[in-house]
2 protein chains.
Amino acid sequence: MGESFTQTLAARFDSLPAQLQKAARWIEAHPHDAALLSMREQAGRAGVQPATMTRLAQALGYDGYDTVRALHADALRHARQPGLVATAARRNKLQAGTREAAAQAMVQHGAAQIGALGDPATLTALSQAASLMAGAGRIFCLGMRSSHAVAWHVWYALSLISDRAVLLDGVGGVGFDALVQARPSDVLFVCGVAPYTRAVVEAVMQARAGGLRVIALTDSPLSPLISQGEPALIVPTDSASFLHSMAPAFTLAEILVALVARGDDPALLARLDGLDRQLAAFNTYHPSKG
Amino acid sequence: MGESFTQTLAARFDSLPAQLQKAARWIEAHPHDAALLSMREQAGRAGVQPATMTRLAQALGYDGYDTVRALHADALRHARQPGLVATAARRNKLQAGTREAAAQAMVQHGAAQIGALGDPATLTALSQAASLMAGAGRIFCLGMRSSHAVAWHVWYALSLISDRAVLLDGVGGVGFDALVQARPSDVLFVCGVAPYTRAVVEAVMQARAGGLRVIALTDSPLSPLISQGEPALIVPTDSASFLHSMAPAFTLAEILVALVARGDDPALLARLDGLDRQLAAFNTYHPSKG
DNA sequence: ATAAGATTGCAACAAGTGTTTTATGTTAGG
DNA sequence: CCTAACATAAAACACTTGTTGCAATCTTAT
């Protein structure tokens with residue numbers, strides 16, 4: 001992208017005839033509409049003949065008006081995460097194509113993804129999920145393949161603060177048999193992204209049939225893991241790499257557990273303290289402890 | 001706004017035929033494109049007949065596809081420049097102390113933590129670690145307790161793109177015996193944060209003694225897991241909750257793997273493709289695949 | 001196994017698109 | 001005042017768009 005539309009326009013604006021200037025002014029004032037509306041519609045709103053838009057595009061050196069619109073569409077697409085990311089990119093400029101540059105791009109993308117989790121819908125779902133977990137009997141944790149790390153981590157964190165967490169991994173070929181003993185007061189935390197593992201989807205259906213509440217952490221509002229009326233945590237999984245990213249899911253899961261823990265009683269800290277002692281007694285930790 | 005497109009869709013999604021679901025999934029995954037591209041173009045990208053898009057719109061009760069696109073266009077217009085974090089906090093003013101507010105604070109904190117990973121030192125370490133991994137024979141992955149999810153995920157992702165990954169979990173009480181068979185061309189990826197698990201520290205020492213290169217992902221430059229002259233990935237673990245956060249570590253680990261994969265040969269995509277086929281053959285995935 | 005129904009792919013359609021051509025008006029210099 | 005030279009408007013053009021009707025195909029229940 002050698003030059004932005006605005007720059008190109010500014011360079012030649014003064015030498016344009018009156019009608020073209022009128023059209024150009026409107027485009028500058030309504031860049032969103034320039035991307036989203038048809039040329040004729042734009043011409044109408046700008047108070048200009050349709051042909052004028054085409055002529056403007058050509059006068060600026062573009063093939064036609066479609067090019068102009070594509071420019072504005074790209075801007076709409078990419079002008080996403082302004083703060084954080086844009087400034088970081090400006091700060092340390094790396095040669096494109098190097099591994100450092102790629103790494104930096106991924107870091108920025110990741111930060112933007114996490115930041116986007118702050119939208120109201122996600123926060124509400126988090127809150128609901130947390131209260132559901134807090135009031136639950138047992139909490140079953142399920143996730144396979146790329147989602148396994150997330151499910152495992154949730155189980156582990158929960159097991160630090162309570163004894164109600166049950167991990168549903170398939171170790172030993174036992175499948176998810178523990179689910180059959182679940183009671184309606186229990187909840188199932190399930191994490192899964194497309195392509196959805198069949199066994200997980202079936203386990204969710206089984207849990208639902210058994211009357212369990214289900215908290216789904218997944219990648220789309222249309223995920224088969226989501227149960228109507230239950231909290232659904234939706235995270236992005238897109239990545240610069242071809243491996244989709246589970247980092248947003250992991251982060252959200254961690255926040256969820258933190259929320260659950262927050263609501264818990266003061267006996268919790270004592271419990272964690274006791275755990276530390278116990279582990280120290282078993283010589284689990286290396287002495288150079290922070 | 002009576003109902004958002006997503007809500008309308010979610011309500012009837014299950015009762016839609018396969019092709020309409022496929023189209024709907026694509027739209028949900030690419031809301032920007034849904035606003036900016038022509039229907040035929042969208043159909044092509046979604047792998048669906050043009051008519052299907054129209055039918056979907058009508059099945060959801062809209063007049064036609066233009067209505068659907070207008071909905072997404074509006075969303076694109078209004079969800080404009082949120083300064084991501086700062087303005088998001090301003091926009092939805094939450095009462096301090098509520099669960100939503102706490103969640104939002106954690107999200108913002110998390111985004112900042114991830115963004116901070118873009119500093120030059122970390123990027124350099126990432127690059128070194130990636131080239132080390134790329135040139136390695138086998139890659140042992142080690143991490144226990146809260147670091148286990150990270151180690152597991154790295155192992156899993158690596159095992160998707162090569163057959164050189166070995167997970168060192170202690171399942172079955174076998175300890176880390178696999179390490180004794182390691183050769184100097186192998187590398188050890190280890191993740192661990194304070195308080196450092198004794199067994200992990202000892203395994204690192206053993207690996208170092210055996211001539212292995214060691215990539216450490218840890219929480220401090222003073223961590224006992226770091227070997228002199230080896231790449232060290234330092235991540236923050238502080239959290240609003242008392243449970244320390246592993247999300248930055250997880251994110252960085254994922255980027256590391258992506259970098260390793262990036263450098264790999266073109267045979268990689270073929271390999272992943274083959275994997276997909278294999279899993280499909282074994283009926284691993286739920287049919288509603290993206 | 002078969003029929004009724006739903007779903008899908010294909011091709012044709014009218015409407016709308018961006019562009020180009022043609023006609024009309026406007027302005028400046030001889 | 002005329003007439004080039006230019007700017008604007010209008011109309012015609014080729015093309016793409018979103019939609020719909022119909023036949024082929026796949027489900028599903030009898």
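FYI, side chains are in, hydrogens and waters are out, and symmetry mates aren't considered; it's all heavy atoms of this structure. This structure is a prediction, so every number in the text was calculated from the model and none was measured.
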Name every donor-acceptor pair, under 3.5 Å, that has one atom in a side chain of residues 16-27 of chain A and the other anywhere in the protein, sequence neighbours excluded.
unit_1: A:Q21; atom_1: NE2; unit_2: A:F13; atom_2: O; d: 3.0
unit_1: A:Q21; atom_1: NE2; unit_2: A:L16; atom_2: O; d: 3.2
unit_1: A:K22; atom_1: NZ; unit_2: A:G47; atom_2: O; d: 3.2
unit_1: A:W26; atom_1: NE1; unit_2: A:H30; atom_2: ND1; d: 3.3

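- Taking atom CG on A:L16 and atom P on D:dA7, their separation rounds to 10 Å, with Å as the unit.
- Partners of A:T218 by side-chain contact (heavy atoms from CB on, under 4.5 Å), not counting sequence neighbours, listed by chain and number: A:Y196, A:S223, A:L225, A:I226, A:I234.
- Map A:T54 and B:R55 each onto its nearest nucleotide of DNA chain C; the residue landing nearer the 5' end is B:R55.
- From A:L233, atom CG reaches atom CG of A:L252 across 5.0 Å, with rounding to the nearest 0.5 Å.
- When side chains are defined from C-beta on, B:Y65 counts as touching B:Q42, because their heavy atoms get closer than 4.5 Å.
- One can place CZ of B:R40 at 12 Å from C1' of D:dT20, the figure rounded to the nearest angstrom.
- The nearest whole Å value for the distance from the CD atom in B:Q19 to the P atom in D:dC26 is 13 Å.
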Would A:L243 and B:E254 satisfy side-chain contact (heavy atoms from CB on, under 4.5 Å), going step by step from the backbone distance to the final call? CA-CA 9 Å; A:L243 299 162; B:E254 206 167 57; over 6 Å; no
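- On the nucleic acid side, DNA chain C contacts chain A at distances under 4.0 Å to non-hydrogen atoms, with the end points of that region at C:dT17 to C:dT21.
- Residue A:A18 is classed as a sugar-phosphate contact, given heavy-atom separations below 4.0 Å to backbone atoms only.
- In this structure, OG in B:S4 is found 3.5 Å from CD in B:Q7, a value given to the nearest 0.5 Å.
- In this view, A:F189 satisfies the ring pair (Phe, Tyr, Trp, His ring centres under 6.0 Å) rule with no residue, not counting sequence neighbours.
- By the 30° and 60° cut-offs, the orientation of the rings of A:H148 relative to B:W152 is tilted.
- Axis angle, first five pairs versus last five pairs of the helix from C:dA1-D:dT30 to C:dG30-D:dC1: 10°, rounded to 10°.
- The distance between atom CE of B:M53 and atom C1' of D:dT20, rounded to the nearest whole Å, is 17 Å.
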Worked verdict on A:Q104 versus A:Q108 for side-chain contact (heavy atoms from CB on, under 4.5 Å): CA-CA 6 Å; A:Q104 186 173 42; A:Q108 290 167 15; 3.2 Å; yes
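- When rounded to the nearest whole Å, the span between CE of A:M39 and C1' of D:dT16 equals 14 Å.
- Near DNA chain C, meaning a heavy atom under 4.0 Å away, there are no residues from residues 43-50 of chain A.
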In sequence, state the C-alpha distance, the side-chain angles, and the governing distance for A:R145 and A:T197, and then conclude on side-chain hydrogen bond (donor to acceptor under 3.5 Å, both in side chains). CA-CA 8 Å; A:R145 307 183 60 77; A:T197 307; 4.8 Å; no
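- Annotation: the span from A:D219 atom CG to A:S146 atom OG amounts to 9.0 Å, rounded to 0.5 Å.
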